[in-house]
S.K.: 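This is the structure I want to talk about, given as structure tokens.
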Amino acid sequence: MQLDEFFVTGEPLIYAGMVAIVLVTSAIIFLLTYFKKWQWLWREWLTTVDHKKIGIMYILSALAMLFRAGMDALMMRTQLAFPDMNFLNAQHYNEVFTTHGTIMIIFMAMPFLIGLMNIVVPLQIGARDFAFPFVNALSFWSFFFGALLFNISFVIGGSPDAGWTSYTPLSGAAMSPGPGQNFYLLALQLSGIGTLATGINLMVTIIKMRAPGMTLFKMPIFTWSTLITSFIIVFAFPILTIALALLTIDRIFGSQFFTVTGEGLPMMWANLFWMWGHPEVYIVILPAFGIFSEVISTFAKKRLFGYNVMVWSIILIAGLSFLVWVHHFFTMGAGAFVNSVFSISTMAIAVPTGVKIFNWLATLYKSKIQMTTAMMWALAFIPSFVIGGVTGVMLGMAAADYQFHNSYFLIAHFHYVLIAGTVFACFAGLVYWYPKMFGHKLNERIGKWSFWLFVIGFHVCFFPQYFLGLDGMPRRVFHIIPEWMPLNQIATVGAFVMGIGFAVFVFNIYYSYRHSEREKTGDPWDGRTLEWATPTPVPHYNFAIVPHVESHDAHWDMKQKDKTIYNESKLEPIHMPNSTGQPFIMMAILFFASFALVFEWIWLAVAGLIGALVMMGIRSFDYDEGHHVEVDEIKQTERSARRL
Amino acid sequence: MANRSKRIPIQHVVGYVMSIVLTVLAAWAALNSNLPVIWIIILILALAVIQAGIQLFMFMHIIERGTGHAPWQMIFHGFILAAIVVAGSLFTMSFGFNHDHNDDGGHEQHEQHEQE
Amino acid sequence: MLLSGCSELTVLDPKGPVGESQKDLILYSLVFMMGIVVVVFSLFAFMVIKYRDKPNRKENDYKPDLHGNRTLEIIWTIIPVMIVTALSIPTVSTLFDLEKPPESSNDQEPLVIYATSADWKWFFSYPEQGIETVNYLHIPTNRAIEFRLSSADSMASLWIPALGGQKYNMTGMETILYLQADEPGIYDGRNSNFNGEGFARQTFKVHAENSAEFQNWVASIQNEAPELTQNQYDSLLKPGLEGKMAFSSTHLAWVDHGTNEGRDYSVVRHWDAFGELLHLENGENHEHK
Amino acid sequence: MNADGSNAKPLEYQTKEGQLNILGFWIFLAAEIVLFSTLFATYAVLFNRTADAPPPAELFEPGTVLVMTFILLTSSFTCGIAIHGMRRGSVKGLMTWLIITLILGLSFLGFEIYEFVHYAGEGATLQSSAFWSAFYILAGTHGVHVTLGIGWATLLLVQLAQRGITSVTSRKVFIIGLYWHFLDVIWIFIFTGVYLIGMVV
């Protein structure tokens, strides 16, 4: 293969990207070497199995991905600002919207939420780590290398360009030759392994490792939403695994699943993709509901209204999420009967969701609302999400969907639910749990600036898109006609305001790191759940003594009764797992195997696969039992953390 | 466990014999019986479900209380999802389209729906 | 102001009975949605303004342990159920109606047009008239059109927003879409389902005209346009952009991409061409219509 | 099955870690059910789409398939006996029956490879049509699972020889037992859904 086929050439924007990548990489290498931090990096981060550190790595990666896919979004909005704009050509635009969608869903929204789950769930249920810390590290590295594989397509080989849904036959070998689609398939496959493993891990953790006294219906609502999300992951991701595998085999080994030749059935890809894809939507929205519930009840200083109903509505939504996938292709011609069935099941989801909205509003009733940044993100969610929700019901009406489908109406709808739902929740959750993670709050004043910029920008960007859709503007076109210009320009302005809001958010992280007051109490928000009972910084074993829980606002209860979870006389040695480099190495090997398969270098891929199997064999013979933290060490840690 | 002390695991032997019998029965139904095709399919699928049950309950001890109720609940939901995936795919992929070998088949289906 | 603005939006200003029924459904649902939005927004504003934690708030207005109310919860479960039911009934009946030709033109047989998508152009074949057009469409007003949709290669979707909703074009199978124009005019039609580099340019104009004018147009094509040969058709199928064309015969004589036999007709002929980039920039070939 | 007190629990359940691992594996198996069901769905939808290749009824051989089924059923039985032996504390019984199970597994694989080669010789390959792609990938995925199971169990045999029955090895053996029975469950459905129905329709 020629070097100029290997690297992407001919695009000034991509050359600029290459230069930026080289500069940033060398800067990181230089800094690590200069400050002699390589060993620290390996010991403290790359080999860690501590759920809190893994969670932080998830969130940092997700923020980086948000930046990358956000840049994609701004490029698209720039291209669409004028009818005669020639900033991106057709091919480049197609690549940009494909990577934007894929990264935002797979490499931003999910890892961000999984990162928060990593940090928070064991703390909320009084556990000392995940059920399988080793697997947790494996999951993170599988996501990390999957994201890396997807992102290098940008400079090596060429990005995928068939949309994040990658519909066949367009994405098959006949119509999309070359490595682009292989990057998509294998990167998703690689990170999918980790997601499935995380789902199993979280389920076992929540089912088996709760503190004594914490029955299922005394779990904090975020833990509940995590449990249900894991359930969806466990049952939805295998479908994606198979769909991706079949298309990969189609492309690389010439089978005929989704092809035009050999009586293949391209429709089947859409069917399988959305059988995973619709539950996937709930994988990223249910944890968001959990976060909002926690934040709203904390800053309203009031118990969550209708806890049981909130839980059951999550369960109901999860069940229905597996029964509505056809609404993504009502227009495929399956006939009025099939469409009627799925139309009704789709609209049925509005019922439990509506109930949740009213329960949040009722939580605010007779409360004492504290307008912190986290609370503002949560409050902004309610009206914004309602707009997204009601337009979702409109899309669910199949007969009307024939007009909405593939138009900007749809684009506006899913950005309204995914940004107002998931992204607001990520920000709310990050601001809320930030002191627990880093030992200091984010600056409130700058936080509110970023909030207002982002939220106003969001509405300015996406509200006009409903009307563009009704005016017949289809999604994924790389240029507009003059009639659509005014609304598009408004949207573009909004997008840039959102971009500024994000920049201010990131600046706030830096500013607060330098200037924020350090946290002393471990409970800066007067919290309600167990994670606030731990000192800050959280010791690596989380709880010196596993607490006994009596209600779902465990910490609130303890504060009312003047109890604490710490009692020096009851300390016992704590068993903890050892750090290990195996997850990192195993996934690095799989990364190279996948990379080889992208370019269809079969023997190299096979060698990599064998390498990964060997690593699994090594793991099988690994009888590392972990270590014990002795009582004296616990005493010392707790005294300094609790400032006793 | 009751069968822990026994030398010969009765439960396993019974399960094994039953699964052999069920397999032979299914093969006979499919290859040698004169039942209508649809009944054969229903019958052998039912036999398969019974056999799967034998494996799960008699060999895999799915209701053994070593880890609580979660195992059988998860497997149960797994089978429900499997039914949704298979039946749902057939449902959505075969109705209403006018395609493939018989050009008129789809039309007939269209009309049937209209009458419904 | 909002409403007057809305009536200029294509989808809400339909020119035929199919689009009309969809518009009615959309406006009907919009009423419910507006209702929900108004209720939720007012409750939200009330809560956020009234229950902010500010100095000299009345202490008896704060009930930290208030945690549920069964009656209320039942009420706000039942109301959404009722709304969903109210939306489902017209949705289902419209769905079944859309599978038939519009009733307003029951007196005539629908005009059959095979609409075939190929990367990135449209072929419209009129089997009864024995003519075929590329990238533009003439239809008579006040008569149902039965589009038989298929694709020579990638999946596309025929969408004429002024006349009604869309359906997919797929190779190896046929989907049927009924549309009808009641007002003469020129409308925008396009492929709305992303299918590769030339996607944004896979558009066409629909000329809706009264029956007599339509017959005149048909006659002029029949008399003046050249015959479509298989060779020419094969080269037109090659992925790329084409201008408007008309022929006095149809490609259905040798291939119907909506059947199993026709499914891979284009792909086997142009296998290598699908990988080649057009290097399509904005502004180029823009005025091919 | 009878309920029992915690002190009577088999060795593999006695540690917290053992319980976590076994539960985790059950959840994994639930995910595997969905994974295979996706392949079954693909197979069912693509049924009859044989294009120019021979239809399945022409190629499937009832004899071979029945023999394969009996081999796998027997291996599932011997695997159960192995676990039974483990719970009685007999390392020798456990290892013997496990080795028998693996030999049966290998012969199953042998038949499957023969079968695939035979079909390919008749003109039904992975590439020849949608139906045959679905057939090979469904049956092949099961075959790959069997292969991985054999490799995995071999590693466990080494560990058993080194360490005997401990809370860790017993947990590992119990889990691979679950895995092996599960593959039998999947095979029952392949036997019924693919071969029998393929020969009937």
Side-chain angles (χ1 to χ4, degrees), chain A residues 84-86 89-91 163 167 169-170 174-175 177 260-261 266-267 301-303 305-306 309 331-333 336 339-340 343-344 347-348 350-351 354-355 357-358 361 364-370 379 382-383 386 390 394 397-400 402-403 405-406 467 470-472 474 476-479, chain C residues 9-12 22 25-26 29 33 36-37 40-41 43-44 47 51-53 61-68 73 76-77 80-81 84 87-88 91-92 94-96 98-99 154-155 157 161 165-168 171 175 192-197 200 263-264 267 271 274-275 277 280-283:
Chain A
D84 51 359
M85 195 75 168
N86 205 5
N89 66 24
Q91 176 61 21
Y167 267 19
L170 173 63
M175 292 177 208
V260 170
T261 52
M267 283 195 307
K301 301 281 139 222
K302 186 160 167 282
R303 272 178 75 171
F305 191 89
V309 175
T331 49
M332 207 176 254
N339 284 354
S340 300
S343 198
I344 292 169
M347 285 190 274
V351 176
V355 169
I357 295 278
F358 284 110
L361 288 174
L364 297 176
Y365 177 69
K366 299 216 169 185
S367 68
K368 250 186 206 170
I369 300 172
Q370 294 175 335
L379 289 177
I382 294 176
V386 165
V390 293
M394 292 170 74
M397 303 167 69
Y402 295 171
Q403 284 281 32
H405 186 65
N406 272 336
F467 298 94
L470 291 175
D471 206 21
R476 295 172 170 176
V477 286
F478 82 108
H479 61 74
Chain C
L9 297 170
T10 318
V11 169
L12 300 182
Q22 284 160 333
L25 193 60
I26 292 170
S29 66
M33 301 310 156
I36 295 169
V37 166
V40 173
F41 278 39
L43 277 173
F44 177 76
M47 302 294 177
Y51 296 109
R52 277 192 73 160
D53 185 19
D61 230 13
Y62 175 50
K63 296 246 162 50
D65 287 324
L66 184 71
H67 63 270
E73 283 169 306
W76 63 54
T77 311
V81 170
V84 166
L87 294 175
S88 296
T91 302
V92 171
T94 312
L95 270 175
F96 279 91
L98 292 180
E99 299 290 316
S154 55
M155 187 189 287
S157 183
Q166 64 201 289
K167 237 179 217 181
Y168 285 174
T171 178
T175 41
S192 73
N193 196 59
F194 177 68
N195 64 343
E197 199 186 357
R263 56 185 299 152
D264 54 1
V267 170
W271 189 274
F274 283 99
L277 284 183
L280 187 62
E281 309 266 335
N282 195 6

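This structure is a prediction, so every number in the text was calculated from the model and none was measured.
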S.K.: Tell me whether A:Ser343 contacts the main-chain N or O of A:Ser340 through its side chain, where contact means a donor paired with an acceptor under 3.5 Å.
M.R.: no
S.K.: Can you confirm whether C:Tyr51 is buried at OH, in the sense that more than 12 heavy atoms of other residues, nucleotides or ligands lie under 6.0 Å from that atom?
M.R.: yes
S.K.: Evaluate side chain to side chain contact (heavy atoms under 4.5 Å, CB included) for A:Asn86 paired with A:His479, printing each intermediate quantity in order.
M.R.: CA-CA 8 Å; A:Asn86 205 5; A:His479 61 74; over 6 Å; no
S.K.: Please check: side-chain N/O of A:Thr331 versus main-chain N/O of C:Lys167, any donor-acceptor pairing under 3.5 Å?
M.R.: no
S.K.: Whether the side chain of C:Ser154 engages the backbone of A:Leu170 through a donor-acceptor N/O pair (distance < 3.5 Å, no angle test) should be reported.
M.R.: no
S.K.: Is there a donor-acceptor contact under 3.5 Å from the side chain of C:Gln22 to the main chain of A:Ala399?
M.R.: yes
S.K.: Using non-hydrogen atoms and a 4.5 Å limit, figure out which bit of C:Leu25 sits close to chain A: side chain, backbone, both or neither.
M.R.: both
S.K.: Output the option from A:Ala350, A:Pro177, A:Gly472 having the highest count of non-hydrogen pairs under 4.5 Å with chain C.
M.R.: A:Gly472
S.K.: Taking A:Met85's backbone N and O only, do any of them form a donor-acceptor pair with C:Asn282's side chain (distance below 3.5 Å, no angle check)?
M.R.: yes
S.K.: Is C:Gln166 in contact with chain A via its backbone, its side chain, both, or neither, using a 4.5 Å heavy-atom distance?
M.R.: both
S.K.: Checking heavy atoms, do the side chain of A:Phe358, its backbone, both or neither come under 4.5 Å from chain C?
M.R.: both
S.K.: Looking at chain A, which one of C:Gly68, C:Pro80, C:Ser29 has the largest number of heavy-atom pairs inside 4.5 Å, strictly under?
M.R.: C:Gly68
S.K.: Looking only at heavy atoms and a cut-off of under 4.5 Å, which of A:Gly163, A:Ala174, A:Ala348 has the most pairs with chain C?
M.R.: A:Ala174
S.K.: If you count heavy-atom pairs within less than 4.5 Å of chain A, which of C:Phe41, C:Phe274, C:Trp271, C:Phe194 leads?
M.R.: C:Phe194
S.K.: Output the distance between atom CD1 (A:Ile357) and atom CD1 (A:Ile382), rounded to the nearest 0.5 Å.
M.R.: 6.5 Å
S.K.: Relative to chain A, which segment of C:Thr171 carries a heavy atom at a distance below 4.5 Å: side chain, backbone, both, or neither?
M.R.: side chain
S.K.: Out of C:Gly275, C:Ser88, C:Ser192, C:Ser157, return the one with the most heavy atom pairs under 4.5 angstrom to chain A.
M.R.: C:Ser192
S.K.: Sort out for me which of A:Asn339, A:Val386, A:Val355 touches chain C most, counting heavy-atom pairs under 4.5 Å.
M.R.: A:Val355
S.K.: With a 4.5 angstrom heavy-atom cut-off, could you sort out which part of C:Val81 is near chain A: side chain, backbone, both or neither?
M.R.: both
S.K.: Step by step, work out the side chain to side chain contact (heavy atoms under 4.5 Å, CB included) result for C:Tyr168 and A:Met267.
M.R.: CA-CA 10 Å; C:Tyr168 285 174; A:Met267 283 195 307; over 6 Å; no
S.K.: Indicate yes or no: at least one non-hydrogen side-chain atom of C:Val11 is less than 4.5 angstrom from one of C:Pro161.
M.R.: yes
S.K.: Is it the side chain or the backbone of C:Leu66 that comes within 4.5 Å of chain A heavy atoms, both, or neither?
M.R.: both
S.K.: Counting heavy-atom pairs under 4.5 Å with chain C, which one of A:Val477, A:Asp471, A:Asn89 comes out on top?
M.R.: A:Asp471
S.K.: Hey, which of A:Pro383, A:Ala398, A:Pro266, A:Gly306 has the most heavy atom pairs under 4.5 Å with chain C?
M.R.: A:Pro383
S.K.: Can you tell which of C:Thr94, C:Val37, C:Leu87, C:Leu43 has the highest number of heavy-atom pairs within less than 4.5 Å of chain A?
M.R.: C:Leu87
